[in-house]
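The structure under discussion appears below in the form of structure tokens.
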There are 2 protein chains.
Amino acid sequence: MTKPRPLVRGDQIRVVSPASPVSQEKLDRGIRILEGAGYRVTLGAHALSAEGYLAGSDEGRASDLNEAFADPEVAAIVCSRGGYGCARLFPYLHLHQWAQSGKLFCGFSDLTTLHLALNRLGLVTGHTPMLLTLSVDREPWVVESFLALLAGGDPLRVESQRASPVVGGIAEGEITGGCLCLLCDSIGTEHALDADGKILLIEDVDEAPHRVDAMLTHLLNAGIVQGAAGIVVGEMTRTDERSDPSIGAIPWREIVTERLGGLGVPLVLDFPFGHAANQLSVPLGVKARLDADAGSLSLIETPCAP
Amino acid sequence: MTKPRPLVRGDQIRVVSPASPVSQEKLDRGIRILEGAGYRVTLGAHALSAEGYLAGSDEGRASDLNEAFADPEVAAIVCSRGGYGCARLFPYLHLHQWAQSGKLFCGFSDLTTLHLALNRLGLVTGHTPMLLTLSVDREPWVVESFLALLAGGDPLRVESQRASPVVGGIAEGEITGGCLCLLCDSIGTEHALDADGKILLIEDVDEAPHRVDAMLTHLLNAGIVQGAAGIVVGEMTRTDERSDPSIGAIPWREIVTERLGGLGVPLVLDFPFGHAANQLSVPLGVKARLDADAGSLSLIETPCAP
């Protein structure tokens with residue numbers, strides 16, 4: 001894997017909107033946080049565009065990404081928000097150039113789609129908050145973890161975060177994964193999730209309980225999770241609230257435990273990443289160690305280039 | 001393809017619940033309709049079971065299906081309702097025996113999962129109303145079409161139904177498809193949708209607009225729709241009402257037109273099947289002719305064995 005270059009004070013961070021639209025006011029707080037850490041922040045030309053649920057045309061969103069990865073003045077790319085739109089961009093992306101750029105690409109949720117593609121091409125990326133995430137107050141360690149990753153530090157060391165053990169044991173492997181519905185949307189495509197021998201991260205938001213079951217079952221039926229070295233589940237945010245009374249409900253932690261608990265690999269729930277109220281930044285494509293008994297995930301190599 | 005045997009008066013129809021739970025009272029009206037047509041109706045042992053969003057355990061739901069297909073006294077299997085649950089059943093199903101049974105298997109929505117599997121194994125199946133569908137009043141031609149298929153007639157002849165042309169032209173091929181989210185959940189599995197050279201039917205219910213886009217994009221990114229001979233879109237029921245104000249909306253007909261209109265094959269919208277208020281019964285695995293200019297789909301072979 002190619003590790004991205006860590007940022008130093010004065011470096012330029014480009015903010016892009018590859019998925020759904022966002023307003024300037026939702027970006028301001030995040031920009032101030034990044035500027036407060038000593039970085040210059042610039043916006044992609046189409047970062048504030050909006051067409052329905054997309055931040056402007058596919059061509060525009062893709063050109064902002066291509067330009068940011070090609071611009072030697074840009075040190076890292078941070079997404080404004082998720083929503084939906086990345087999967088539409090593949091015909092327009094210069095992915096091989098991105099993978100060779102050595103730039104840190106940051107975001108989560110819909111950005112899972114691009115993380116999978118870049119990790120497949122050998123570039124370590126950052127599963128991190130986006131500017132919209134930072135527009136509301138979070139625990140101090142959320143920003144601390146994000147800034148640690150940007151600067152090449154260890155973003156998992158900032159807080160002693162414990163997940164709940166379901167299946168104990170120790171697993172080591174590269175970290176992969178992200179938002180469950182995007183992981184499933186990758187199946188059968190050129191950029192499909194490959195979890196073999198890896199530590200698979202899974203989380204999602206606003207999914208009905210039966211859809212969480214359906215998506216985990218899809219991963220099982222496609223033979224994708226069976227080879228994982230370990231599984232780290234975050235939160236299925238607002239899933240228990242989204243149950244459909246016309247078909248009945250099962251609590252999401254029971255669903256996840258029932259679907260994945262029989263695989264015989266270390267499994268934890270409620271690891272703080274993704275759509276949870278407070279998230280650690282997690283480098284994807286970097287080797288880590290999951291101690292499921294202790295409920296901890298720790299890096300066993302640095303996320304950035306020396 | 002193996003065509004199922006048509007039913008004659010006195011034949012037994014077995015009602016099973018392979019997905020979400022249903023109450024006896026929701027079955028009564030459908031049972032009366034089938035009995036009124038001269039059939040005997042029996043329930044699978046677990047047809048009224050309920051565990052959360054599932055109609056009882058996987059083993060129980062699967063055993064009802066296996067038993068119905070194996071029982072020489074059962075002439076056809078009609079599902080009570082969809083919801084969710086079929087994809088969980090694969091480890092327990094005797095699919096090869098089902099495919100050789102020559103029995104008509106009927107349902108839609110979550111049953112898409114089993115239709116795809118059975119069609120792949122060579123058995124023609126029926127994309128039809130379920131007992132829950134028949135629990136409320138429908139246009140007379142809904143029942144007429146369903147009963148025509150059960151009896152080996154042409155279920156598309158009952159009413160001159162016209163869809164809206166988007167891309168004109170004529171296409172001929174086997175009919176495949178069903179509910180979009182289940183089509184996507186099949187990708188990368190042993191029972192995946194194969195639309196090459198076929199007339200692909202697509203519809204869904206209660207999906208957010210951006211998810212309709214995401215699922216059609218999944219079919220595109222996985223290279224599954226590009227080889228279809230023609231595409232028949234039903235209704236994305238309640239999709240425009242499910243738009244998420246936090247990310248913005250695009251009307252579903254625009255989404256479908258934009259995603260699929262460029263494939264260069266005949267394409268129609270609003271064909272009455274699936275979750276639309278009134279649905280034609282459509283035999284899957286049977287050769288048909290799509291006249292997109294006329295907005296019509298017609299069979300070019302009989303759905304049942306002579």
Side-chain angles (χ1 to χ4, degrees), chain A residues 19-22 26 50-55 58 81-91 110 113 132 181-182 184-193 206-224 243-251 254-255 258-259, chain B residues 19-22 26 50-55 58 81-91 110 113 132 181-182 184-193 206-224 243-251 254-255 258-259:
Chain A
S20 289
V22 68
K26 296 278 191 190
E51 292 181 20
Y53 46 73
L54 300 169
D58 293 347
R81 76 168 298 185
Y84 167 70
C86 290
R88 297 175 53 101
L89 300 181
F90 285 118
D110 194 61
T113 303
L132 182 63
C181 75
L182 289 316
C184 287
D185 286 353
S186 81
I187 298 174
T189 76
E190 188 185 342
H191 314 285
L193 170 65
D206 288 334
E207 299 288 350
H210 75 278
R211 281 305 302 166
V212 171
D213 188 322
M215 292 189 286
L216 295 175
T217 300
H218 191 185
L219 292 178
L220 288 163
N221 286 346
I224 286 176
S243 64
D244 177 349
S246 79
I247 69 166
I250 300 174
E254 281 182 32
I255 298 167
E258 187 271 334
R259 290 282 82 187
Chain B
S20 289
V22 68
K26 297 278 190 189
E51 292 182 18
Y53 46 72
L54 300 169
D58 293 347
R81 75 168 299 186
Y84 167 70
C86 289
R88 297 175 53 101
L89 299 181
F90 286 118
D110 193 61
T113 304
L132 181 63
C181 75
L182 289 316
C184 286
D185 286 352
S186 81
I187 297 174
T189 75
E190 187 185 342
H191 314 285
L193 169 66
D206 288 335
E207 299 289 351
H210 76 278
R211 281 304 303 166
V212 171
D213 187 321
M215 291 188 288
L216 295 175
T217 300
H218 192 185
L219 293 178
L220 288 163
N221 285 346
I224 286 175
S243 64
D244 177 350
S246 78
I247 70 165
I250 300 174
E254 281 182 31
I255 298 167
E258 187 270 336
R259 290 282 81 187

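Here is how names work: the chains are called A, B, and so on, in the same order as the sequence lines, proteins then strands, and each is numbered from 1.
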Practice item. To the nearest 0.5 Å, tell me how far Asp110(B) CG sits from Cys181(B) SG. Key: 7.5 Å
Check your understanding: Between Ser20(A) and chain B, which part of the residue has a heavy atom less than 4.5 Å away: side chain, backbone, both or neither?
Key -> side chain
Check your understanding: Of the backbone (N, CA, C, O) and the side chain (C-beta and beyond), which part of Glu51(A) lies under 4.5 Å from a heavy atom of chain B, both, or neither?
Key -> backbone
Review point. Say you draw a straight line from CG of Asp244(A) to NE2 of His210(A); how long is it, rounded to the nearest 0.5 Å?
Key: 6.5 Å
Review point. Between Glu190(A), His218(A), Glu254(A), which has the largest tally of heavy atom pairs under 4.5 Å with chain B?
Key: His218(A)
Check your understanding: Considering only heavy atoms from C-beta outward, does the side chain of Thr113(B) approach that of Ser186(B) to under 4.5 Å?
Key -> no
Check your understanding: Based on non-hydrogen pairs under 4.5 Å, which of Gly223(A), Gly85(A), Ala249(A), Ala208(A) is most in contact with chain B?
Key -> Ala249(A)
Study note, to complete from the structure: One option among Ala192(B), Gly82(B), Gly52(B), Gly188(B) has the most heavy-atom pairs under 4.5 Å with chain A, and it is Gly52(B)
Check your understanding: What part of Ala214(A) lies closer than 4.5 angstrom to a heavy atom of chain B: side chain, backbone, both or neither?
Key -> both
Review point. Looking at Arg211(A) and Asp185(B), does any basic side-chain N land under 4.0 Å from a carboxylate oxygen?
Key: yes
Exercise for review: Nearest 0.5 Å please: distance from the CZ atom of Arg88(B) over to the OG1 atom of Thr217(A).
Suggested key: 5.5 Å
Check your understanding: Between Ser246(B) and chain A, which part of the residue has a heavy atom less than 4.5 Å away: side chain, backbone, both or neither?
Key -> both
Exercise for review: Please look at Ala87(B) and chain A and tell me whether the side chain, the backbone, both or neither of the residue comes under 4.5 angstrom of a heavy atom of that chain.
Suggested key: both
Point to revise | Side chain / backbone / both / neither for Asp213(A) at chain B, heavy atoms under 4.5 Å | key: both
Point to revise | Per-residue contact mode, Pro91(A) against chain B (heavy atom under 4.5 angstrom) | key: neither
**Study point:** Contacting region of Pro209(B) [heavy-atom separation from chain A under 4.5 Å]
**Key:** both
Check your understanding: Can you tell me how far CG of Leu216(A) sits from CD1 of Ile224(A), rounded to the nearest 0.5 angstrom?
Key -> 12.0 Å
Check your understanding: Side chains of Leu182(A) and Leu193(A): does their closest heavy-atom pair fall under 4.5 Å?
Key -> no
Point to revise | His191(A) side chain near Asn221(B) side chain, heavy-atom distance below 4.5 Å | key: no
